[in-house]
A.B. asks: 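My structure is below; once you've seen it, I'll send some questions.
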Amino acid sequence: MSTTIPYGRQSIDDADVACVIEVLRSAWLTQGPAIRRFEEQVAQYCGARYAVAVSNATAALHVACLALGLGPGDLLWTSPNTFVASANCALYCGADVDFVDIDLRTLNMSVDHLAEKLEIAERAGRLPKVVVPVHFAGQSCEMEALHALSQRYGFALLEDASHAIGGRYQDVPVGSCRHADATVFSFHPVKIVTTGEGGMVLTNREDLHQALLRFRSHGITRDPRQWQGEPDGPWSYQQLDLGFNYRMTDIQAALGASQMQRVDAFVARRQTLVERYRRAFAALPLKMPEQMHDAAPAWHLQVVMLDDAAWRRPMYDALHAQGVLANVHYQPVYLQPYYRARGFEPGYCPNAEHYYDRALSLPLFPSMSDDDFDKVVAIFSNTLREIAS
Ligand SMILES: *Cc1c(COP(=O)(O)O)cnc(C)c1O
């Protein structure tokens, strides 16, 4: 094969390009009307009250943790089967991080493991302040059950929905925050909808919304209702917290707004391709994530779990040699050297490790042609049959 097929890539059309050019010729390049339009559009799409656009999802997780009051002495729990940013946000705030093992059916945080770990933590007087469920590969976690646990044990829920915009849970869009304090999206080019770099926090809580706006921009507010004491004059703003410059540009927001018009089409194509993978791979020695009855996943990733860990490396190499640029999502976060140095050991989350050792992510993106899809299926199936025999 002459060309290579990546595991994911963005879909940019002429309308996207035109929207970006329009902003470049306008008076505002950052924090102008395109940001507000994009925020309102995503909030409305998801059915959430507020949306705050930021420079990337890592920044979104950071400001969301700060807005939830996470700080030194506090604890954040997340899934080990995620990108490092879901855990790093706790450390940015001076808090500690711990991991809850996954459910091998969905590869999402296991509700049973979480319930068990909470019981133990309560006895030890060391409950988490924030739990970050990650909607792995685009399928929502079991938010209703997680929400019930959050009520019982008094922690906040911050959904890392970096993979999941356009997905639904219990027939409601991911991002509605019906069962969570806040939800984060990523608009990195490999995700469902892109702004180049970008992220967003959604919430229904007015207090969080105000805090997110401040933390996004240096901790500063121009809203007199939030001011302390008398302002110096009509030019005044006040810095109330130590915030950051995590702003998104209007250039990016215009791209995002244009992309959002196609989010349902993107997701529909992804769902179609995943269904075809399921049928094509039904007889192969591997497992694919189960789709929960009340989820309509956005399917950011097509992951497979090979029956034998010994096949993974030869499969990866053979696929790459044939132009199929498979990837692996994810090495459990706590096995990263930085987290090992914080005391985590192999064996900590056996399900996450079991999955990782057998994991491959195959090409999945809306602009993938039927021809390319058929090529990937043929190459993958033939190679696996050979390696497994
Ligand atoms: C991509 C990703 C992030 C970080 O997103 P950026 O926008 O690149 O900062 C966080 N969490 C998960 C699960 C991701 O996949």
Side-chain angles (χ1 to χ4, degrees), residues 6-10 38 42 51-66 76-93 97 99-100 102 106-109 130-141 143 157-167 174-175 180 182-202 212 215-216 244-249 252-253 255-256 259-260 270 289 297-303 327-334 336 338-339 349 352 355-356 359 361 364-365:
Y7 83 90
R9 67 164 299 169
Q10 68 273 18
F38 183 38
V42 178
V52 176
V54 290
S55 45
N56 52 67
T58 305
L61 288 163
H62 186 189
V63 291
C65 286
L66 289 170
L76 176 149
W77 290 1
T78 189
S79 168
N81 185 30
T82 186
F83 185 58
V84 293
S86 318
N88 288 345
C89 55
L91 306 183
Y92 293 159
C93 299
V97 65
F99 300 91
V100 183
I102 60 170
T106 59
L107 311 174
N108 278 332
M109 179 186 284
V130 177
V131 172
V132 179
V134 180
H135 302 327
F136 178 75
Q139 172 158 244
S140 175
C141 296
M143 292 309 301
L157 272 172
L158 170 58
E159 295 172 87
D160 185 342
S162 292
H163 299 182
I165 194 168
V174 169
T183 301
V184 163
F185 292 134
S186 172
F187 304 123
H188 181 278
V190 90
K191 307 289 164 73
I192 308 270
V193 161
T194 191
T195 60
E197 292 275 2
M200 199 174 272
V201 189
L202 288 93
L212 291 166
F215 283 118
R216 166 171 77 178
F244 301 85
N245 179 353
Y246 279 167
R247 294 187 299 264
M248 176 185 277
T249 66
Q252 294 164 301
L255 176 56
Q259 289 256 302
M260 277 304 290
R270 288 172 175 280
W299 291 133
H300 159 55
L301 295 174
Q302 175 56 71
V303 301
N327 210 310
V328 173
H329 301 90
Y330 290 97
Q331 180 174 32
V333 173
Y334 63 83
Q336 296 289 346
Y338 186 83
Y339 282 89
C349 295
Y355 159 67
Y356 165 64
S361 302
L364 181 67
F365 47 95

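Scope of the values below: all heavy atoms of this structure, side chains included, with no hydrogens, waters or symmetry mates. Ligands are counted one by one from 1 in listed order, and the atoms in each one are counted from 1 as well.
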A.B. asks: Which atom pairs, donor and acceptor, lie under 3.5 Å between side-chain atoms of residues 54-66 and protein residues at least two apart or in another chain?
C.D. replies:
residue, atom, partner, partner atom, Å
Ser55, OG, Tyr246, O, 3.4
Asn56, OD1, Thr58, N, 3.1
Asn56, OD1, Ala59, N, 2.7
His62, ND1, Tyr246, OH, 2.8

A.B. asks: Does the ring centre of Phe187 sit less than 6.0 Å away from the ring centre of Phe38?
C.D. replies: yes

A.B. asks: For ligand 1, what is the set of protein residues having any non-hydrogen atom at a distance below 4.0 Å?
C.D. replies: Asn56, Ala57, Thr58, Thr82, Phe83, Ala85, Ser86, Val134, Asp160, Ser162, His163, Ser186, Lys191, Gly198, Tyr330

A.B. asks: Mind telling me whether Tyr355 and Phe136 have parallel, tilted or perpendicular rings, with 30° and 60° as the class edges?
C.D. replies: perpendicular

A.B. asks: Would you please name every residue forming a side chain to side chain donor-acceptor pair (under 3.5 Å) with Arg216, sequence neighbours left out?
C.D. replies: Glu39

A.B. asks: Applying side-chain contact (heavy atoms from CB on, under 4.5 Å), name anything that partners Thr194, two or more places apart in sequence or on another chain.
C.D. replies: Gln10, Ile12, Pro189, Gln259

A.B. asks: Could you tell me whether a side-chain N or O of His300 sits under 3.5 Å from a main-chain N or O of Ala137, the two making a donor and an acceptor?
C.D. replies: no

